[in-house]
Student: 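Provided herewith is a single structure, encoded as structure tokens, for subsequent inquiry.
It should be emphasised that the depicted structure is a prediction, and the values quoted were computed from it without experimental measurement. Letters go in sequence order (proteins before strands), and every chain restarts at 1.
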Amino acid sequence: MNIAENQIDEIIELEYNIHLFKVISPEIARKINPGEFLNIRISELAIPLFRRPFSVCDVEDDCYYLMFSTMGTGTKLLASKKPGDFIDVLGPLGNGFNIVDDFDRAIIIGGGLGVAPFPYLTRQLKGKKEIISFIGGRTKNDVITYGLENISVATEDGSLGFKGNVIELLEKELDKTDNIKSKIFACGPTSMLKALKILAEQNNIDCEISTECTMACGFGICQGCPIQSSADEDKYLLVCKDGPVFNSKEIIL
Amino acid sequence: MNIAENQIDEIIELEYNIHLFKVISPEIARKINPGEFLNIRISELAIPLFRRPFSVCDVEDDCYYLMFSTMGTGTKLLASKKPGDFIDVLGPLGNGFNIVDDFDRAIIIGGGLGVAPFPYLTRQLKGKKEIISFIGGRTKNDVITYGLENISVATEDGSLGFKGNVIELLEKELDKTDNIKSKIFACGPTSMLKALKILAEQNNIDCEISTECTMACGFGICQGCPIQSSADEDKYLLVCKDGPVFNSKEIIL
Amino acid sequence: MSKVNLNVKIGNLTLRNPIMLASGTVGYGNEISEFIDLKKIGAIVTKSISLKPRKGNKPQRIMETAAGMLNAIGLANVGIEKFIKEKIPFLKKHDVPIICNIAASTIEEYVECVSMLEHEDGIHAFEINVSCPNVKEGGLQFGNDIKMVGKITEKVRANTTKPIIIKLSPNVSYISDFAQAAKKEGADAVSAINTLVGTAFNIKTRKPKLYNITGGLSGPAIKPIALAKVFEIHRKVDIPIIGIGGIMNWQDAVEFMIAGSSAVQLGTVNFIDPTAAEKVLKGLTDYCNENNIEQVSSITGSYQLD
Amino acid sequence: MSKVNLNVKIGNLTLRNPIMLASGTVGYGNEISEFIDLKKIGAIVTKSISLKPRKGNKPQRIMETAAGMLNAIGLANVGIEKFIKEKIPFLKKHDVPIICNIAASTIEEYVECVSMLEHEDGIHAFEINVSCPNVKEGGLQFGNDIKMVGKITEKVRANTTKPIIIKLSPNVSYISDFAQAAKKEGADAVSAINTLVGTAFNIKTRKPKLYNITGGLSGPAIKPIALAKVFEIHRKVDIPIIGIGGIMNWQDAVEFMIAGSSAVQLGTVNFIDPTAAEKVLKGLTDYCNENNIEQVSSITGSYQLD
Ligand SMILES: Cc1cc2nc3c(=O)[nH]c(=O)nc-3n(C[C@H](O)[C@H](O)[C@H](O)COP(=O)(O)OP(=O)(O)OC[C@H]3O[C@@H](n4cnc5c(N)ncnc54)[C@H](O)[C@@H]3O)c2cc1C
Ligand SMILES: Cc1cc2nc3c(=O)[nH]c(=O)nc-3n(C[C@H](O)[C@H](O)[C@H](O)COP(=O)(O)OP(=O)(O)OC[C@H]3O[C@@H](n4cnc5c(N)ncnc54)[C@H](O)[C@@H]3O)c2cc1C
Ligand SMILES: Cc1cc2nc3c(=O)[nH]c(=O)nc-3n(C[C@H](O)[C@H](O)[C@H](O)COP(=O)(O)O)c2cc1C
Ligand SMILES: Cc1cc2nc3c(=O)[nH]c(=O)nc-3n(C[C@H](O)[C@H](O)[C@H](O)COP(=O)(O)O)c2cc1C
Ligand code: FES
Ligand code: FES
């Protein structure tokens, strides 16, 4: 991990107010793995005070991509940056997805902006593993498919694809699965991850989930981001340092 | 006084990092007088918390001008605005220069950015009164002559014009004056205004000075901007409401 | 959409809504009435009035801090006589309940002020300032002394039938003890909080940035502290609370009510946005409508601690 | 350019410079050592250690406020045994003075902790945390009780020859009274301030935003308050003060020294910019050089009140 000023090379506006920043940093582009994140100081002033964590969305040559939408103060300020501006970036941080495991099919599950880490994961898996992606949202405006492959969509209001949540869709599809050894990679709202954890464990599918929480430091010094370990009742893991990606069996959501 | 979002029409960069904003507001352009000011909320966030006061620098048709350089947080943020952006403006505020008095020659004295209100004053006096302007700065980079007439310059390091401060220059020139009824209009650092007050009173010249201080509200409710009244020992006047322009005899600096 | 009942009762005082303007941040209402319709506001609390006029502290009186401000105005005010003659008539014209905030350096002075105003029908209640950090006498000597707060309340109570609100100092270990003392001696409500003692130095000259050396910290920076004080009083003492401290918008006002406030006061925000009070009132009303809240007073202390 | 003497003496403790890292904001130094050279830092204060390991509070533990943060970590720590076995050896390698911060819920526990560490030569001093607002036992019950602060100091003093620093709670009326009590019982210095009690509520769910309900406020928002507390102690009590609260840059550090601090600690800023300590040290050194200050210690309490 390192702190540096990274220059924004290009800004791509996707549908439904999703911003994609292409940022120049050979160091980060070289080092970062899918599921790892960057902690960004958006203003020199004390508001917002904390850095804001963003997954690496993709990597291309000397650049990495960030994907976000405007939630509050921080993302609003970030969205006002222009190509050529610099951002203060701390990273790479955290532990990403484990893709050296023995599996043949990657089942990618993203809810809303939870898809952010998956273009990069898809890039790394493509050609090596079978990929199926299940993408969910409240309505079709929440469904982001940028950089993904082999996509099935679920929306809660039925405005696109399956009507229901993405875990229900997965459950339906899982019934049909064969004997190919699968591994799930998921990121999204905690309610989604909870339902998924149960489903994956019932079906005995290896499952990695990327968790989210408020962070101050992002690298293990503030103790602000605990998550219950399932191995040891007396122990919290840290989302920023031990995660954000955990095997679903490691933690209690 | 009123609060409104005013759009920036044009930004002119003068020498030595002086910014000139042309801002659209028929209401303010119509109402505001030289020496009055506007209190500007530069960010929606709580840093900077206070509005920042700026003199009206000039007025043309439906627009007014602001002149400033970057001092700290507020002016730095303001300088990052672009044409088309809106600023949150409270005003017009305060009492400006009295130009309906009986005088034939206006002696304008500006130190550094203290010249800001004088382009507008000059515009209003031009053709009606004789105008002489004495402009001072530490070095030639502090001397701003935009929009002024009949200018003599003093710099402390002698890099332009008279070597010394602008009040010393005025004193030198005053010795030569004739019987034309003069009135002084001044704005600049307090040390300059102090010296001027003494000189003007010794020479019995009517003298109006525009004072500066930290302001919170700008319209008389916070009591944060007191200045000692010379008429009444037990009384403070308020720079924002009773000033910022005072007759030099009204106040103790 | 159902009509929300915005009335709140603060002891014997009924207000048409819970949005008040805090002492010292709107003078006597004159200037702010150019920005908001005072008829719509719950109440206006006057700048602290003292028996004699006070000139206030020398400049520098105010400065900005991170998301806050320090002030050391020093209770500059016109004095009670001029207040009665000149300021009350103006406020009466505007049809806004006036709560007269009183500052003093002796108990007798408090009593004298209250007695002089007792028959002014324009005055709806007294807010007793025992907590100004910026004066040599009275101020914190009073506000941080629990017996003194009790005694002041007792004596004021004996001399007025109007509602009494004690404005508490946050510069204490347990503010609820002070609220308890005020309640015991007959206060109708407490206001929390006044400003926190703070300071700043110029690193070039090494001089304090304020002439008074220390000042009172207000604004968004202190909101979490103010909320904790309100919450502490609400949990421990059964007395109406007027919440104050860093309120910038309607969300903050709702948060203060949830934490235990029956009404709120807007202070520093008036300097930044003099139209804030009307915006807060509108936001609060919309919040009630959207959440099917019929009585705004039902929000008070509605925190969910599971 | 003359060479500045950056050494400061805090009672019996001499530090190579006055820039320290505050308890709870750098863990045990491991992670931050990737960003700064610990060899250059005045001292590192450990996360509060308790006799037994503590799991800490459930989430939500932290949140952002206007120019500040609330935390309710709940003294999560590895416990003293693991600290001795695993953490001290690491820190010793880095050649940085370690000040061990101790939290406890009884006087006996403080004494036991100190005794266990007395012969650890890696530990240069103890900082006794009597002021954590986020635990049920000990914490503010101690920090806001002047007799208890005196008694803890006395007992700890009786059991160690290492320098003792008492970390004071700001949630009191007169912090100097507590500094006086600490001094009387033999403390070498006081640290001021720990966090201020604050809270926040979610206006949709009406639940507290922190699991612990209240938390401790830190960051730039509290700087003016912290400065006033340091200044108050400096004026009233002759004891070295370690200034803490909202320091973000070297200017803030100088301001704290002017107000009376012999050294300073950086807390929240480490989360935002883990390289801050080195920047502050460089800025302070340059300030001394530019102002012909030969001894950094001469800045301490150099305020000019005319
Ligand atoms: C490891 C990690 C990786 C992340 N990767 C991405 C990413 O790639 N792209 C991206 O857009 N976001 C990502 N996030 C979330 C992102 O950090 C937050 O959206 C951001 O911090 C919001 O900051 P803000 O100042 O705009 O909002 P705030 O002002 O902090 O919050 C505004 C409102 O949004 C809500 N909110 C804040 N964060 C979230 C959230 N994560 N989900 C739902 N509601 C929220 C808050 O409760 C509040 O109501 C990630 C978070 C983590 C922990
Ligand atoms: C009635 C009035 C009219 C004004 N008109 C103008 C104008 O037309 N153009 C203009 O550029 N400025 C004008 N000013 C001054 C202007 O308001 C300040 O420069 C501005 O508030 C600085 O804000 P900031 O956030 O950038 O600096 P801050 O962060 O507030 O201050 C940064 C540094 O600059 C110093 N500083 C701040 N203000 C001044 C000042 N006025 N003089 C010298 N040092 C200062 C501070 O002490 C500090 O060291 C006027 C002030 C008043 C009271
Ligand atoms: C400039 C200023 C002057 C004040 N004067 C008084 C006063 O005269 N009497 C009083 O009781 N409180 C006074 N206060 C305190 C406010 O009424 C309020 O309690 C405090 O500012 C906290 O609220 P805020 O954060 O919304 O400003 C003053 C506050 C400020 C900022
Ligand atoms: C996340 C966090 C954890 C803290 N933990 C401790 C602690 O364990 N022991 C302690 O004495 N102080 C603790 N503190 C208080 C800091 O050491 C410091 O006193 C306080 O944060 C004020 O300084 P700052 O504004 O620079 O952060 C903690 C502060 C924070 C923000
Ligand atoms: S965010 Fe600080 S420890 Fe995880
Ligand atoms: S700036 Fe508020 S009264 Fe003048």
Student: Got a second to check how far D/Ile62's CD1 is from A/Cys222's SG, nearest 0.5 Å?
Tutor: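 Answer for the CD1-SG pair, D/Ile62 versus A/Cys222, is 4.5 Å.
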Student: Out of curiosity, A/Tyr236 OH to D/Ile73 CD1, how far, rounded to the nearest 0.5 Å?
Tutor: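 Rounded to the nearest 0.5 Å, the OH-CD1 separation comes out at 11.0 Å.
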Student: Counting heavy-atom pairs closer than 4.5 Å to chain D, which one of A/Gly218, A/Cys225, A/Cys213, A/Ala216 comes out on top?
Tutor: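 Answer, by heavy-atom pair count under 4.5 Å with chain D: A/Ala216.
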Student: Indicate the atoms forming the closest heavy-atom contact of D/Arg61 with A/Gly224, along with that distance.
Tutor: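 Heavy-atom minimum between the residues: CB-O, 4.0 Å.
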Student: Would you say CG of A/Asn17 has more than 12 non-hydrogen atoms from neighbouring residues, nucleotides or ligands within 6.0 angstrom?
Tutor: no
Student: Side chain, backbone, both or neither: which part of D/Pro59 has a heavy atom under 4.5 Å from chain A?
Tutor: both
Student: I need the minimum non-hydrogen distance between D/Pro220 and A/Leu49, along with the two atoms involved.
Tutor: CD-CD1, 4.0 Å
Student: By a 4.5 Å heavy-atom criterion (distance strictly below it), what part of A/Lys235 contacts chain D: side chain, backbone, both, or neither?
Tutor: backbone
Student: Is chain A contacted by the side chain of D/Pro274, its backbone, both, or neither, given a heavy-atom distance below 4.5 Å?
Tutor: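 Answer is both: backbone and side chain atoms of D/Pro274 are under 4.5 Å from chain A.
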Student: Heavy atom to heavy atom, less than 4.5 Å: which residues from residues 78-96 of chain D reach chain A?
Tutor: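 Those residues of residues 78-96 of chain D which would need a heavy atom under 4.5 Å from chain A do not exist here.
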Student: Between A/Asp88 and D/Asp273, does a side chain to side chain contact (heavy atoms under 4.5 Å, CB included) hold up when you go through it step by step?
Tutor: CA-CA 10 Å; A/Asp88 175 342; D/Asp273 180 5; over 6 Å; no
Student: Contact part of A/Ile227 toward chain D, heavy-atom cut-off under 4.5 Å: side chain, backbone, both or neither?
Tutor: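 For A/Ile227, there is no contact with chain D at all, as no heavy atom is under 4.5 Å.
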Student: Counting only heavy atoms closer than 4.5 Å, note whether D/Lys58 contacts chain A via side chain, backbone, both or neither.
Tutor: both
Student: Would you mind checking which part of A/Met1 comes under 4.5 Å of any heavy atom in chain D, side chain (CB onward), backbone (N, CA, C, O), both or neither?
Tutor: both
Student: Is a donor on one side and an acceptor on the other found under 3.5 Å between the side chain of A/Arg41 and the backbone of D/Ile272?
Tutor: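 Absent.
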Student: So does A/Lys194 have more than 12 non-hydrogen atoms from other groups sitting under 6.0 Å from NZ?
Tutor: no
Student: Salt-bridged, A/Arg52 to D/Glu64, with N to O below 4.0 Å?
Tutor: yes
Student: Would you say the side-chain atoms of D/Lys55 pair up with the backbone N or O of A/Glu233, donor to acceptor, closer than 3.5 Å?
Tutor: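 Checking the backbone N and O of A/Glu233 against the side chain of D/Lys55, a donor-acceptor pair under 3.5 Å is found.
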Student: With a 4.5 angstrom heavy-atom cut-off, is it the side chain or the backbone of D/Met63 that approaches chain A, or both, or neither?
Tutor: backbone
Student: When only heavy atoms count and the cut-off is under 4.5 Å, which of residues 18-42 of chain D reach chain A?
Tutor: D/Gly24, D/Thr25, D/Val26, D/Gly27, D/Glu31, D/Ile32, D/Glu34, D/Phe35
